[in-house]
J.: 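Provided herewith is a single structure, encoded as structure tokens, for subsequent inquiry.
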Amino acid sequence: MGSLPDFPWDSLAPHRATAVAHPDGLVDLSIGTPVDPTPAVVQAALVAAADAPGYPFTSGTRELREAVSAWFARRRGVPGLDPAGVLPTIGSKELVAWLPTLLGLGAGDVVGIPAVAYPTYDVGARLAGATPVVVDGLTALGPLTQANRPKLLWLNSPSNPTGAVLGVPHLAKVVAWARDHGVVVASDECYAELDWSGDTATPSILDPRVCDGSHEGLLAVYSLSKQSNLAGYRAAFAAGDTALVARLLEVRKHAGMIVPAPVQAAVVAAVSDDAHVGAQKARYAARRARLRPALEGAGFRIDHSGAGLYLWATRDEPALTSVAWLADRGILVAPGSFYGAAGARHVRVSLTATDERVEAAASRL
């Protein structure tokens, strides 16, 4: 196992102390943890399944796999997803962290990660003993050799932290390149339902326009934490290549990596009900509409941010300078440097605060 970086949020403690001291209290926009209620339809499903004395299926129930397949067809433009290519996971961070290990990667193997990225892509490679390498475009690796060819390439669209969205032509180009070179592509798509460009969701790596109808070598990773306020349930899934899913399932059976039965029932309810997703998206849209102009009025420029739960903001100064300025106003945000050197002059501002706290932040700005 490679050495692991320090947990970055621990370094925010001094800025948090400054923000907490504000006379009107802290507005914490640093971490994307949902604050709104878990939908009643999901809570009811969890309660109804609470009597669960036996071991659950590591593979997920047939009902879960079929419900996720139907959700991909209905919401993501992915018809005909084989339910055998669906695998429930204990939140999506767990899978991001352990996917290289589950795929058998180790010393000498390369894992490609985005230039500005959620830190767990890097951590997952290190846990496996593999080498994380930033892949900022397909030409970044130069001529491929056995030594530098990635075994696994991570995509993240919509991006955390930037909110950037990869379109169909870009995704199709990546898939064609990966298949030419025998690279597994894992696409973290957990903010896809929170796309601000229109009513449709962000394109999936499994979209037939992207992959010509074949899911070979592809995995889409999805979490219900954001769209359904289920962070406390640890409810997520991977989907795609049935052969890859079978490999993951075999290891997960041995390791006891099983989603609890009541949570599996909650997943079925969540992916089968679109109304609560629309209601939650409307809440975030209202908070976004209040925060964005307030930040811009305070001299920040908003880059990307086309989808997801964050505003990627900069005043063309070091990230920690912006963090300190905002902390003086009782507002805590995450420095872009947490997400890689390319984020060193941005801050990530989360929309996951109550309407009252968002209004407080906007007023202070």
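The structure displayed is predicted, hence computed values, not measured ones. All values below were derived from every heavy atom in this structure, side-chain atoms included, with hydrogens, water molecules and symmetry-related copies excluded.
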J.: Just do the side chain to side chain contact (heavy atoms under 4.5 Å, CB included) check on L351 and L291 with the steps written out, would you?
T.: CA-CA 8 Å; L351 305 178; L291 272 177; 3.9 Å; yes
J.: Can you tell me which residue pairs pass the ring-ring contact (aromatic ring centres under 6.0 Å, His included) test with a partner in residues 235-264, sequence neighbours excluded?
T.: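 Listed by first then second residue: W71-F237, Y222-F237.
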J.: Would you list the pairs meeting salt bridge (charged side-chain N to carboxylate O under 4.0 Å, His left out) in which at least one residue belongs to residues 213-223, sequence neighbours left out?
T.: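 Found none.
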J.: Decide yes or no on side chain to side chain contact (heavy atoms under 4.5 Å, CB included) for L365 and I331, but give the supporting numbers first.
T.: CA-CA 9 Å; L365 290 167; I331 302 166; 4.0 Å; yes
J.: Kindly write out the residues that satisfy salt bridge (Lys or Arg N to Asp or Glu O under 4.0 Å) with R364, not counting sequence neighbours, or none if the list is empty.
T.: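 Only D24 meet the salt bridge (Lys or Arg N to Asp or Glu O under 4.0 Å) criterion with R364.
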J.: Under a 3.5 Å distance rule, please check whether N156 uses its side chain to pair with a backbone N or O of P158 as donor and acceptor.
T.: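 Such a contact is found between N156 side chain and P158 backbone.
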J.: Which pairs with one or both residues in residues 340-365 pass ring-ring contact (aromatic ring centres under 6.0 Å, His included), sequence neighbours excluded?
T.: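 Sorted pair list: W312-H346.
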J.: Please determine whether salt bridge (Lys or Arg N to Asp or Glu O under 4.0 Å) holds for the pair K226 and E193, giving the CA-CA distance in whole Å, both sets of side-chain angles, and the decisive distance to 0.1 Å.
T.: CA-CA 9 Å; K226 313 305 182 184; E193 288 266 26; over 6 Å; no
J.: Between Q264 and P88, is there a donor-acceptor pair closer than 3.5 Å when you use the side chain of the first and the backbone of the second?
T.: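 No, Q264 side chain to P88 backbone: no donor-acceptor pair under 3.5 Å.
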J.: Please determine whether side chain to side chain contact (heavy atoms under 4.5 Å, CB included) holds for the pair L249 and T58, giving the CA-CA distance in whole Å, both sets of side-chain angles, and the decisive distance to 0.1 Å.
T.: CA-CA 7 Å; L249 176 59; T58 308; 3.7 Å; yes
J.: Can you pull the side-chain hydrogen bond (donor to acceptor under 3.5 Å, both in side chains) pairs that have at least one residue in residues 230-242, sequence neighbours excluded?
T.: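 Residue pairs passing side-chain hydrogen bond (donor to acceptor under 3.5 Å, both in side chains), neighbours aside: none found.
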J.: Among residues at least two apart in sequence or on other chains, which ones pass salt bridge (Lys or Arg N to Asp or Glu O under 4.0 Å) with E66?
T.: R62
J.: According to salt bridge (charged side-chain N to carboxylate O under 4.0 Å, His left out), does anything in residues 242-260 pair up with another residue at least two apart or in another chain? List the pairs.
T.: E94-R252
J.: If hydrophobic clusters are built by linking Ile, Leu, Val, Met, Phe, Trp and Tyr wherever their side-chain heavy atoms come under 4.5 Å apart, do V277 and L194 end up in the same one?
T.: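 No, V277 does not connect to L194 through the hydrophobic network.
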J.: Evaluate salt bridge (Lys or Arg N to Asp or Glu O under 4.0 Å) for R290 paired with E359, printing each intermediate quantity in order.
T.: CA-CA 7 Å; R290 187 70 180 97; E359 180 60 36; 2.8 Å; yes
J.: Between R16 and D28, does any NZ, NE, NH1 or NH2 come within less than 4.0 Å of an OD or OE carboxylate oxygen?
T.: yes
J.: Just how far is it from atom OG of S204 to atom CG of L166, taken to the nearest 0.5 Å?
T.: 11.5 Å
J.: Any donor-acceptor pair under 3.5 Å linking the side chain of S305 with the backbone of L311?
T.: no
J.: Against the six-membered ring of W196, is K281 placed for a cation-pi contact (under 6.0 Å from the centre, within 45° of the normal)?
T.: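 Judged by the rule, K281 and W196 form a cation-pi pair.
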J.: Of all residues at least two apart in sequence or in a different chain, which pass the salt bridge (Lys or Arg N to Asp or Glu O under 4.0 Å) check with D328?
T.: none
J.: Among residues at least two apart in sequence or on other chains, which ones pass salt bridge (Lys or Arg N to Asp or Glu O under 4.0 Å) with R74?
T.: D274
J.: Quick one: does NZ or CZ of R179 land under 6.0 Å from the six-membered ring centre of W177, within 45 degrees of the ring axis?
T.: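 Ring-cation test returns no.
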J.: Sorted by first residue and then second, give each ring-ring contact (aromatic ring centres under 6.0 Å, His included) pair with at least one member in residues 132-163; sequence neighbours left out.
T.: Y121-W154
J.: Going through the checks in order, is the side chain to side chain contact (heavy atoms under 4.5 Å, CB included) test met by H304 and S159?
T.: CA-CA 9 Å; H304 306 303; S159 166; over 6 Å; no
J.: Under 6.0 Å from the CD atom of E296, do we count more than 12 heavy atoms belonging to anything else shown?
T.: yes
J.: Applying salt bridge (charged side-chain N to carboxylate O under 4.0 Å, His left out), which residue pairs with at least one partner in residues 30-41 are found, sequence neighbours left out?
T.: D36-R287
J.: Are V96 and L103 connected in the hydrophobic side-chain network, where two residues link if heavy atoms are under 4.5 Å apart?
T.: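 Yes, it is one cluster - the side chains of V96 and L103 are joined through contacts under 4.5 Å.
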J.: Do the side chain of S322 and the main chain of T314 share a donor and acceptor less than 3.5 angstrom apart?
T.: no
J.: I'd like to know if R301 and D316 make a salt bridge, using a cut-off of under 4.0 Å between side-chain N and carboxylate O.
T.: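 Here R301 pairs with D316 in a salt bridge, since their nearest N and O are under 4.0 Å apart.
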J.: Answer yes or no: is there a donor N or O on one side and an acceptor on the other, between the side chain of D136 and the main chain of A115, under 3.5 Å?
T.: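 No, the answer is negative, given that no donor and acceptor are paired below the 3.5 Å cut-off.
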J.: Would you mind listing every salt bridge (charged side-chain N to carboxylate O under 4.0 Å, His left out) that reaches into residues 99-111, with sequence neighbours excluded?
T.: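 Every pair satisfying salt bridge (charged side-chain N to carboxylate O under 4.0 Å, His left out) with a residue in residues 99-111: D109-K151.
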